[in-house]
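Atoms within a ligand are numbered from 1 in the order they appear, just like the ligands themselves. Residue numbers run from 1 in the order of the sequence given.
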Amino acid sequence: MNNPVDKLYNTKNLTDDELRELITSDNAETAETLRICADSVRQKHYGKKVFLRGLIEISSFCRNDCLYCGIRCSNKSAERFRLTEDKIIGCAESGYKKGFRTFVLQGGEDNYYTDERMCRIITQIKEKCPDCAVTLSLGERTPESYKLMKQAGADRYLLRHESADNGLYQKLHPPKMILDKRINCLYNLKEEGYQVGAGFMVGAPFQTVDNIIADLRFLQNLNPHMVGIGPFVPHRATPFSGFAGGTVELTVRLLGIIRLMLPEVLLPATTALGTISPNGRILGLQTGCNVVMPNISPSDSRKKYELYNNKSTEELSNIIADIERAGYEVSMERGDCIR
Ligand code: 5AD
């Protein structure tokens, strides 16, 4: 094999051996070639635009118990909050006035948000904020629930698959969580007509290079509209508090690989990447990322949505400064996937 980056750029694919070599390479020249190729593909499809999404964290109650997550139900020290319907709608309206045209409603798996409630919220946001996109990130729900929320006007759904390897998936999750169920949710969502986002954490405890290759193969098969990846960041009140976090280098390398494998995908420079390094977000943007999701939740609840330690609560103005410093343009458009 002479150069796996060129091959990936030209054919959008590599063998497992080539992927393994690229993922584990600590060669600075390879990293730079990957950055240049990823940036050229991103610019071919999306120019210099970076789409902003207004993230509204609606609830930190969660019935689930993922071992890595700070809002897992076993974490009795977590402060819990949930936004009322009016608060969520008000939050979207004030974001709309600032120019946001996508709202991401994200929360723990909280039974309070019944289908009826969610549909009311979605309908009202769509009524009060015409021409905006509503993205949901509410975990696993029934096919019926996904259908009803789509009918109410939801456009997109983010549900990270977390790991495509059954063994690793089980190590990261409680026994009642089943990888097949999660994957079914993603295919259900696609069938219902959502633009779908999957993804995983980089450097999660027990994750191997082969596990990462399985994640990339899964993404190639699912062919999602969006991919969310960020470094694992330990949270002090979880069973994984003593594990090392993921690195910026590996996260950025994988972002570049994903841009080349799925050229038209919407790829956020995630909050976790911005949290572990002051230039993490900029590096991500320069290596294929074209989305940033500023937090527009009410400030009193923001610190309670603590998925991991030191979660960044960056001001919008700093985020915009980063985007411009990296050489890109802020876009407040809906920013749909171009395929
Ligand atoms: N570090 C990094 N990412 C995390 N998430 C949850 N806990 C952590 C953590 N400790 C990610 C999961 C989830 C998304 C909402 O946040 O991948 O899907």
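Taking every heavy atom of both residues into account, Tyr46 and Phe51 meet most closely at CD2-CE1, 3.7 Å. Among all heavy-atom pairs drawn from Tyr113 and Ser59, the shortest one is CE1-CB, 3.5 Å.
Checked by distance only, ligand 1 and Gln106 stay at 3.5 Å or farther apart across all their nitrogen or oxygen atoms. Note: no N/O pair closer than 3.5 Å links Tyr308 and ligand 1 by distance alone. Below 3.5 Å of separation, one finds an N or O of Arg160 facing an N or O of ligand 1.
Residue Lys128 qualifies as enclosed at atom NZ: its count of foreign heavy atoms under 6.0 Å is above 12. Summarising the local packing, CD of Glu324 is surrounded by more than 12 heavy atoms from other residues, nucleotides or ligands at distances under 6.0 Å.
Geometrically, Arg141 does not engage Tyr146 in a cation-pi contact defined by less than 6.0 Å to the ring centre and at most 45° from the axis. Stacking of Arg82 on the aromatic ring of Phe61 is recorded, both the 6.0 Å distance cut-off and the 45° axial limit being met.
Not a single heavy atom of Ser137 sits under 4.0 Å from any atom of ligand 1. Using a 4.0 Å cutoff on heavy atoms, Met201 counts as a contact of ligand 1.
The nearest protein atom to atom 15 (C) of ligand 1, hydrogens excluded, is given as Leu307 CD1, 3.9 Å; this is a heavy-atom distance. Counting only heavy atoms of the protein, atom 1 (N) of ligand 1 lies nearest to Val233 N, 3.0 Å. Nearest protein neighbour of atom 18 (O) of ligand 1, counting heavy atoms only, is Glu162 OE2, 2.5 Å. Scanning the protein for heavy atoms near atom 7 (N) of ligand 1, the closest one is Tyr68 CD1, 3.3 Å. Annotation: atom 2 (C) of ligand 1 to nearest protein heavy atom, Pro231 O, 3.3 Å.
Aromatic rings from His235 and Tyr68 are positioned such that their centres are separated by 6.0 Å or more.
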